[in-house]
2 protein chains.
Amino acid sequence: MERPTHRMRDLRHQGALAVLRHLHRQPGVTRSELARALDLSSGSATDLVARLKRLRLLDEVASAPSGGRGRPSPTLVAHPAGPLVCVVDISHERWRVAAVELGGRIVQHTSGRHVDREPDAVLDRVRREIAACRRRLGHRIRAVSVAVAATVRGTEVVQAATLGWRRVSLEPLRPAADVPLLVGNDASLAGLAEARRGAGAGVRVVLHLTVEVGVGGVLVVDGDLLDGATGAGGEFGHLPFGDPTLRCPCGATGCWDLLVDGRAMARQLGQPAPDDPRTAAEHILAAAPRDPAARAAVNGAARALGRGVGGLVNALDPALVTLSGLAVDLSAAAPREVDAGYRAGLMSFRRGQPPPLVPSTLGPDGRIAGAADAAFDTVLTVPGIEAWSRSTARVREGAT
Amino acid sequence: MERPTHRMRDLRHQGALAVLRHLHRQPGVTRSELARALDLSSGSATDLVARLKRLRLLDEVASAPSGGRGRPSPTLVAHPAGPLVCVVDISHERWRVAAVELGGRIVQHTSGRHVDREPDAVLDRVRREIAACRRRLGHRIRAVSVAVAATVRGTEVVQAATLGWRRVSLEPLRPAADVPLLVGNDASLAGLAEARRGAGAGVRVVLHLTVEVGVGGVLVVDGDLLDGATGAGGEFGHLPFGDPTLRCPCGATGCWDLLVDGRAMARQLGQPAPDDPRTAAEHILAAAPRDPAARAAVNGAARALGRGVGGLVNALDPALVTLSGLAVDLSAAAPREVDAGYRAGLMSFRRGQPPPLVPSTLGPDGRIAGAADAAFDTVLTVPGIEAWSRSTARVREGAT
DNA sequence: CCATTATGCTCGCGCACCGAGCATAATGGT
DNA sequence: ACCATTATGCTCGGTGCGCGAGCATAATGG
């Protein structure tokens, strides 16, 4: 979301941007719904839509008969030659590259498993896919947005435990100097999508938390990702909620991280630190119904999760907490422990109506949707629209 | 700060709002500086300023000779009959009521000590001052903004340890149904002013922390206070950084609160819990240079402060941390302990260039400035300006 | 088949910003 | 004292864009 600008000339495209943002948020709206939502007169709507069609930013299609009375209103959709963003998802084992249009529909998609997890190999593979995507779709690709399972600062991965990366710049993924490259933590971007389009839709302040190996997440306020000054915000797992004698791989001690994931449960069971804490956690969760020791470990992690969430709610005051990954499994396996920890961690005045803890609804596509949203946030700005106008005008001149 | 609006008719006043917001942020700008900052043509500036003068929103005065060449540019100031906000500060021992004009200058000011600390007595006293303020200044008072040393939700104080209040609505301070009443935690509002006008000026993401009794603070992003869904955000003192067996008066356990203030130092010295932890802390700090036990207690609190700040920096990724209250004294008395704790709490990738910890610059007026800023944020909006236009038109008609 | 309902389009209006050209008010060298 | 230089302000016609009234269009339903 763009902030009010304090610069007058930028007022010009505000109407068009309002329409495009609304369309992006609610793909498939009819024109009359749009006009009502934005308080547009029908004359303004006509004019705006015509201008945006001319700019190849949106298109109208006849909508399915509504059954109601009155003249049917056309549905607004992304223009078939409109702007796209290229979204990349790099996780522990796989990569995905997708072209996404306004509204969030995936236009093209490729994916694969890493054969070699070294940064150069992964980036080279992905870079080639982005190049191919751009060859096919040309100037329509307005930005590249990467979701990666790592701590991110700017466009650099500073550390990725599961990938084994440290200080890896993702600048090689930028296909050209004038294409914006955005890099974000996968949990943060999934949180963005969850808050805007998932369980948090319509809620002003949403805290999203996910447990995989460690705890990630982000606070989303008014649809804005609060990922800090450098994009490295949301590392809630590295708040020192835990035993200060426990050393975390991040370099600090007592991190909350170490109390809630597979490492925590293995430690409590007296097992050595697992190679793959995610799978270890799943095994322990599966064993819990019949193995009291496993159940105790699950309960301990569930309680630590709840208590930490309580502390974060004290500090950040969200209206809703969305949970993802292992946090959902822990809540399902030991709901009473999570709740007991949560309530114990809350300041007492909050216990009357604490923000609900709900599982996220978007699943593994959340990070793609979030990365696409983050990218469209940079496209749907005054400079973004002006650049698109120039670019599409050139293409049309060349074509005619 | 207002969010982009998605409603077209609101575009109308955007230019005027941009001017007013700029003036509020930089009182004493000249017209030509304004035009440059906002990228206005001189024609637009003429028009805008004339309109705003007619609306009694700003005025021009001849500026002191700059010494430079060229035609001198008039200085823009708040209009002498322009809008004001009524700011109230309620702290442990005192109350203050001030009328503040655009730009932040205090126009009128009264204050006193509480004779009776009961909510009814304090609120009644303050209510009468607000009424007097409104009698003198009439429709010019556009909002009432209260900074109170308490946890706040909406316009209600949910708990105030030092005042001894619980669940006290401040609605009685609203002088009329149509006057906006804003209530905020004093530390949060001081942080807002610090981030906008103090040590954090120009920095996009600022974390402000203050230690008095417990820890308060707030994150300010792009000049926006992140005080959560209900205004109760910023209770960083109630993150469970500490010993989980310690019970906090807030109802949770292990709060960071309990490790850094006068209670923490007294506990470490084997003293009973002090009645007035703030003064106790000052005594211990004063004794530290010659008393090793006091020094150890100070060092312990300093280290706990640093470690917690490190954790918060991990989670929130500010570019700057501003400190206020006892946190400044602890940093001065035991800088190495604060720094050691801070570095130990940071994720290692952050240790290269961690955000600086700096003392705040605004002092005890910060909370007044912050409350005024929060109030002007509601006045400098499209509805606020439209209401002012109607109101000032009525007054002028009545006057002529 | 036409009343009803909902929506879209045309067109004149007005607001607010732009830019070019001219006016104004200071400095500073001769 | 005068005038070139510099910086700024004002006037005025042009334009982009949203508004609203009135008319046109496309569905439903008795």
Side-chain angles (χ1 to χ4, degrees), chain A residues 4-22 28-55 57-76 382 385-386 389, chain B residues 4-20 22 29-55 57-76 382 385-386 389:
Chain A
T5 159
H6 286 266
R7 317 195 85 186
M8 315 266 123
R9 54 184 303 257
D10 295 353
L11 293 178
R12 211 167 80 229
H13 294 279
Q14 291 303 327
L17 286 176
V19 171
L20 292 173
R21 286 182 185 141
H22 192 85
V29 279
T30 69
R31 208 161 114 175
S32 59
E33 285 164 357
L34 177 93
R36 266 193 301 275
L38 267 50
D39 224 14
L40 288 167
S41 68
S42 79
S44 304
T46 302
D47 188 50
L48 269 170
V49 168
R51 267 155 51 211
L52 291 171
K53 278 167 90 166
R54 235 177 294 128
L55 280 173
L57 280 161
L58 57 76
D59 207 359
E60 291 178 299
V61 296
S63 51
S66 68
R69 279 194 176 185
R71 178 171 175 171
S73 193
T75 300
L76 300 177
V382 171
I385 293 297
E386 287 178 345
S389 308
Chain B
T5 159
H6 287 266
R7 318 196 87 184
M8 313 267 124
R9 53 185 301 256
D10 296 354
L11 293 178
R12 212 168 82 229
H13 293 280
Q14 292 302 329
L17 286 176
V19 170
L20 292 173
H22 192 85
V29 279
T30 68
R31 207 160 117 173
S32 59
E33 285 164 356
L34 177 95
R36 266 194 301 276
L38 267 50
D39 224 14
L40 289 166
S41 69
S42 78
S44 305
T46 300
D47 188 51
L48 269 170
V49 169
R51 266 155 51 210
L52 292 171
K53 277 167 90 166
R54 235 176 296 129
L55 279 173
L57 281 161
L58 56 79
D59 206 358
E60 290 177 301
V61 296
S63 50
S66 68
R69 280 193 176 187
R71 176 172 177 171
S73 192
T75 299
L76 300 177
V382 171
I385 294 297
E386 285 178 345
S389 308

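Below, chains carry the letters A, B, ... as their sequence lines are ordered, and counting in each starts from 1.
Taken from CG in A:Asp47 to CG in A:Leu40, the straight-line distance is 10.5 Å, to the nearest 0.5 Å.
For A:Thr46, whose side chain is taken as the heavy atoms from C-beta onward, the closest listed nucleotide among D:dT28, C:dG8, C:dA16 is C:dG8. Out of C:dG8, C:dC18, C:dA16, the shortest distance to the side chain of B:Ser41 is found at C:dC18. Each of C:dC17, D:dC19, C:dT7 was ranked by its minimum atom distance to the side chain of A:Leu11; first place goes to C:dC17. Taking only side-chain atoms of A:Arg69, from C-beta outward, the nucleotide of C:dA16, D:dA26, C:dT4 with the closest atom is C:dT4.
Computed from coordinates, the A:Gln14 CD to C:dC17 C1' distance equals 14 Å when rounded to whole Å. Rounded to whole Å, atom P of C:dG8 lies 11 Å from atom CG of A:Leu40. Rounded to an integer number of Å, the gap from B:Arg54 CZ to C:dA16 C1' is 12 Å. Computed from coordinates, the B:Leu17 CG to C:dA16 C1' distance equals 14 Å when rounded to whole Å. What separates CZ of B:Arg12 from C1' of D:dG18 is a distance of 11 Å, to the nearest Å. At whole-Å resolution of the value, CG in A:Asp47 and P in C:dT7 are 20 Å apart. Following rounding to the nearest Å, B:Arg31 (CZ) and C:dT24 (C1') show an atom-to-atom distance of 13 Å. Taking atom CZ of B:Arg51 as the reference point, atom C1' of D:dC10 lies 16 Å away to the nearest angstrom.
Among the atoms of the strands shown, base atoms are found under 4.0 Å from some heavy atom of B:Ser44.
Nearest approach of A:Leu52 to A:Ala16, heavy atoms of both residues: CD2-CB, 3.8 Å. Smallest separation of non-hydrogen atoms from B:Thr75 and B:Ser63: OG1-CB, 2.8 Å. Heavy-atom minimum distance, A:Ser73 versus A:Arg31: OG-N, 3.4 Å. Contact detail for A:Leu48 and A:Gly15: the closest heavy-atom pair is CD2-C, 3.9 Å. The minimum heavy-atom distance between B:Leu57 and B:Ile385, with the atom names listed, is CD1-CD1, 4.1 Å.
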Bracket notation of DNA chain D in which parentheses pair within the strand, [ ] cross earlier pairs, and | pairs with another strand (Watson-Crick or G-U, under 3.5 Å):
||||||||||||||||||||||||||||||
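The residue among A:Arg71 and A:Ser42 whose nearest nucleotide of DNA chain D is located toward the 5' end is A:Ser42. When the nearest nucleotides of DNA chain C are assigned to B:Gly43 and B:Pro72 by heavy-atom distance, the more 5′-ward of the two goes with B:Gly43.
Residue B:Ser73 places no side-chain N or O under 4.0 Å from the OP1 or OP2 atom of D:dA7.
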Start with the C-alpha distance between A:Ser32 and A:Arg71, add both sets of side-chain angles, then the distance that settles side-chain hydrogen bond (donor to acceptor under 3.5 Å, both in side chains), and finish with yes or no.
CA-CA 10 Å; A:Ser32 59; A:Arg71 178 171 175 171; over 6 Å; no
